A.B. asks: 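I have a structure here, written as structure tokens, and I will follow up with some questions on it.
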Amino acid sequence: MSRDVAMVVGRPEIPPIEQGEVITGSDALLRCLLLENVEYVFGYPGGAVLPIYDSLYSSHLKHILTRHEQGAIHAADGFARSTGKPGVVIATSGPGATNLVTGIATAYMDSIPMVIITGNVAQSLIGTDAFQEADITGITLPITKHNFFVRDVLELPRIIKEAFHIATTGRPGPVLIDIPKDVNNATAPFFYPETVNLRGYNPAVKPNKMQVDRLIKAISEAKKPVIMAGGGVISASAEKELIAFAEKTQIPVICTLMGLGSFPGTHPLALGWPGMHGNFVSNQAILNCDLLIGIGNRFDDRITMGRTKEFAPNAKIIHIDVDPAEIGKNVETMIPLVGDVKLVLEAALPKAAQADTSDWLIQLNEWKEKHPFSYKKNGNLKPQAVIEMIYETTAGEAIVTTDVGQHQMWAAQYYKFKHPRSLISSGGLGTMGFGFPSAIGAQFAHPDRTVVSINGDGGFQMNSQELAVVSQHNVPVKIVIINNKCLGMVRQWQEIFYDNRYSHIDLSHSPDFVKLAEAYGVKGLRAQSESEARQVWQEALEHNGPVVVEFVVEPEENVYPMVASGCTLDQMTMGDEE
Amino acid sequence: MQKHTISVLVNDQPGVLARVANLFGRRGFNIDSITVGNSEEKGLSRMVIVTTGDEKTLEQVMKQLHKLIDVIKVQHLSTGSMVAREIVLIKVDAGPTTRMEISGIVEPFRAAIVDVGPQSVIVQATGDSDKIDALTELLRPYGIRELTRTGLTAMARSMAAVKV
Ligand SMILES: Cc1ncc(C[n+]2csc(CCOP(=O)(O)OP(=O)(O)O)c2C)c(N)n1
């Protein structure tokens with residue numbers, strides 16, 4: 001993979017950063033990014049950001065030109081999710097900026113740190129419906145943690161410092177900075193502030209001692225406790241603390257979709273994941289537990305099914321989260337514990353003792369063994385078998401990105417995630433088109449790891465143009481397409497809830513994916529049977545570069561188990577169990 | 001469903017009102033009235049928002065407001081005792097014959113006639129919302145041409161314990 005993508009031999013470089021030197025807004029912007037240790041920027045140029053792109057011409061920053069702004073923002077998101085560092089995107093005003101909206105909302109829903117830089121028309125034109133003008137700060141108000149419109153070049157460095165601070169602290173999230181063209185062109189002496197002073201922003205990170213003691217007491221009184229770990233454990237990098245806590249207390253752990261990998265799926269105390277397509281034991285654990293410790297999760301309606309009164313009916317609920325607004329939002333909480341998850345677990349660890357859970361663990365293991373994820377084999381190539389094969393051949397060590405649909409659920413079911421940041425998936429917004437570009441960002445961040453992107457034939461076609469990027473930079477992503485020739489997840493719902501009335505889900509008119517890959521100069525492979533699948537997949541893994549692997553699978557396969565919306569967790573359809 | 005009065009201290013910057021209003025809109029919280037103006041400190045404005053909802057809604061409103069970067073402080077005023085005032089201007093039909101009658105109604109409310117035209121007068125009143133409702137009802141039979149209320153501005157009483 002070519003690493004130095006922006007550095008072109010012979011181009012002049014911006015001189016080293018010196019405080020007080022008079023430079024343009026766009027030069028200042030790029031220097032700030034370097035001072036924030038940004039390595040990669042994903043973006044797309046245009047009129048309003050020409051000054052920034054001119055500055056990039058002689059910058060150390062590595063800029064990746066995607067083929068659509070949506071590709072850029074999902075790539076930056078994949079970079080952020082796989083590293084924990086903020087992802088950075090640049091787009092031009094108007095259509096460039098609005099093309100980012102889906103990606104910003106995706107990052108916002110999953111609390112991903114991002115700094116998004118958009119250009120805007122010159123301030124003299126703002127508000128006149130000028131060519132390529134869009135009120136992007138107005139448009140993104142509800143989907144950013146905060147956003148800025150820069151009015152004065154003197155304010156630019158302070159705003160960038162604040163943006164990175166806000167994006168990465170407390171509950172992380174996307175922050176947008178809109179810079180009009182005249183600000184990029186204006187000059188000012190460059191000073192980068194060392195500290196941030198935001199009076200209205202003091203994320204509560206240190207837990208309250210008394211609440212921690214209440215947690216410890218509740219554990220000592222519990223007979224059937226369970227931990228529900230969410231994406232917040234991963235954002236707080238608290239996986240070691242979680243393992244230590246679970247092992248010391250002997251409390252079993254459920255991971256939500258966003259929390260998969262925060263606790264090793266292979267650990268004896270791991271139960272799996274809960275909710276609509278989760279496993280039997282996790283849902284039974286929720287139904288039967290007497291203490292539910294939610295850590296960095298948000299009791300989403302794919303888990304509570306919106307039936308919050310019947311959710312965990314016998315349990316005291318403890319909720320640990322850095323965002324006070326999450327606590328009590330969806331379910332009633334007995335013990336609220338506001339704080340950084342890592343600091344809470346660190347405070348609780350020395351006080352915690354082994355809980356009396358041996359009978360409970362025996363019961364859970366029975367449920368686990370009675371109803372594992374399973375499917376009926378019938379000689380055809382099954383999507384679940386493809387995921388199992390990917391898991392085995394990568395020894396569970398790959399970074400897996402998924403798109404949205406049935407394949408996403410199967411990936412979560414059949415790949416046992418061992419490490420945090422190894423499942424990258426749009427959980428909150430459920431954004432089709434996310435899977436492939438996010439893998440590009442993850443692979444740039446981790447050039448030496450195997451990155452597998454699992455997509456449906458529908459979602460892959462939403463951003464397939466980014467094949468040009470993997471080709472150009474030889475990004476060795478293994479791009480998997482689970483081709484069921486339809487919008488599978490929609491087909492499943494139409495089968496179950498709309499009496500087999502398959503309205504507009506037919507994707508039999510898709511491109512030949514192998515030829516499409518080849519058209520971009522990327523290796524393309526196809527498998528239609530289990531034996532072909534093994535052979536082709538081995539070839540893909542051994543290939544030193546990007547590869548598209550199409551697995552043609554049985555179209556009628558459904559995701560089971562399933563709890564329909566509006567039902568309670570005890571109303572699980574088990575489906576085709578083996 | 002209860003009415004709640006919330007006082008919010010915010011950075012005095014463009015777009016802050018939009019942020020607050022947007023938050024209420026997208027979370028499905030109702031705004032009954034909102035007033036904004038300078039506060040005791042330069043660079044900060046105070047908004048007084050009256051909203052309707054149960055305790056749970058109110059808790060979410062307060063927590064979500066707190067999350068806005070430009071929000072410095074959020075106080076729930078209606079838990080304790082507070083001073084709450086609103087201004088109303090009412091243009092009432094009033095020929096020479098009814099003018100005196102209207103004067104008589106306005107007086108006990110310590111309201112005032114602040115403008116007199118050939119066929120109408122403008123009445124100005126200050127007070128809590130109930131008082132203004134009452135005055136409006138009394139003037140209605142004369143014919144109200146135009147009415148404008150500012151919405152409530154409020155402050156906790158000096159000795160009252162305020163839940164922050
Ligand atoms: C941008 C977007 N549009 C529509 C949807 C609704 N949706 C959810 S799953 C799905 C079907 C996905 O089909 P495919 O990509 O082929 O994956 P499969 O379910 O077959 O694995 C659709 C249309 C969505 N999640 N995102």
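In this text, all values refer to a predicted model and were calculated from it rather than measured experimentally.
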A.B. asks: Could you give me the CA-CA distance, side-chain angles and deciding distance for B:Lys67 and A:Arg171, then say whether side-chain contact (heavy atoms from CB on, under 4.5 Å) is met?
C.D. replies: CA-CA 10 Å; B:Lys67 280 174 72 169; A:Arg171 180 180 186 165; 4.0 Å; yes
A.B. asks: As a quick check of understanding, evaluate side-chain contact (heavy atoms from CB on, under 4.5 Å) for A:Arg199 and B:Asn11, giving each step before the final call.
C.D. replies: CA-CA 9 Å; A:Arg199 213 170 136 186; B:Asn11 283 327; 5.7 Å; no
A.B. asks: Is A:Glu310 atom CD crowded by more than 12 heavy atoms from other residues, nucleotides or ligands, each under 6.0 Å away?
C.D. replies: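 For A:Glu310, atom CD is crowded (more than 12 foreign heavy atoms under 6.0 Å).
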A.B. asks: Can you confirm whether more than 12 heavy atoms, excluding those of B:Glu146, are under 6.0 Å from its CD atom?
C.D. replies: no
A.B. asks: Do you know which two heavy atoms are closest between B:Ile72 and A:Gly200, and how far apart they sit?
C.D. replies: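 Heavy atoms only, the tightest pair is CD1-N, 3.9 Å.
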A.B. asks: Under 3.5 Å, is there a donor-acceptor pair between the side chain of B:Lys63 and the main chain of A:Ile327?
C.D. replies: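 Yes, because the side chain of B:Lys63 sits within donor-acceptor range (under 3.5 Å) of the backbone of A:Ile327.
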A.B. asks: Which bit of B:Leu68 comes within less than 4.5 Å of chain A, counting heavy atoms only: side chain, backbone, both or neither?
C.D. replies: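 The answer is the backbone of B:Leu68.
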A.B. asks: Side chain, backbone, both or neither: which part of B:Arg26 has a non-hydrogen atom closer than 4.5 Å to chain A?
C.D. replies: side chain
A.B. asks: Report which part of B:Leu65 has an atom under 4.5 Å of a heavy atom belonging to chain A: side chain, backbone, both, or neither.
C.D. replies: neither
A.B. asks: Is a side-chain N or O of B:Gln64 found less than 3.5 angstrom from the main chain of A:Ala325, in a donor-acceptor match?
C.D. replies: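 Pair absent, no side-chain N/O of B:Gln64 close to backbone of A:Ala325.
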A.B. asks: Does NZ belonging to B:Lys91 count more than 12 external heavy atoms closer than 6.0 Å?
C.D. replies: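 Incorrect, the count does not exceed 12.
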A.B. asks: Might you confirm whether atom CG of B:Asp54 has over 12 heavy atoms from other residues, nucleotides or ligands at distances under 6.0 Å?
C.D. replies: yes
A.B. asks: Got more than 12 heavy atoms from elsewhere within 6.0 Å of CD, B:Gln13?
C.D. replies: yes
A.B. asks: So, for A:Gly328 and B:Lys56, which heavy atoms are closest and what is the spacing to 0.1 Å?
C.D. replies: O-NZ, 3.0 Å
A.B. asks: For A:Pro142 and B:Asn22, which heavy atoms make the closest approach, and how far apart are they?
C.D. replies: CB-OD1, 3.8 Å
A.B. asks: Please state whether the side chain, the backbone, both or neither of B:Glu59 comes within less than 4.5 Å of a heavy atom of chain A.
C.D. replies: side chain
A.B. asks: Which atoms form the tightest heavy-atom contact between A:Lys329 and B:Arg27, and what is the distance?
C.D. replies: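 Taking every non-hydrogen atom into account, NZ-NH1, 4.3 Å.
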A.B. asks: So how far is it from B:Ile69 CD1 to A:Leu198 CG, rounded to the nearest 0.5 Å?
C.D. replies: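 Going from CD1 on B:Ile69 over to CG on A:Leu198, the span is 6.5 Å.
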A.B. asks: Measuring from atom CG of A:Asn202 to atom NE2 of B:His66, what distance do you get when rounded to the nearest 0.5 angstrom?
C.D. replies: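 The distance works out to 10.0 Å.
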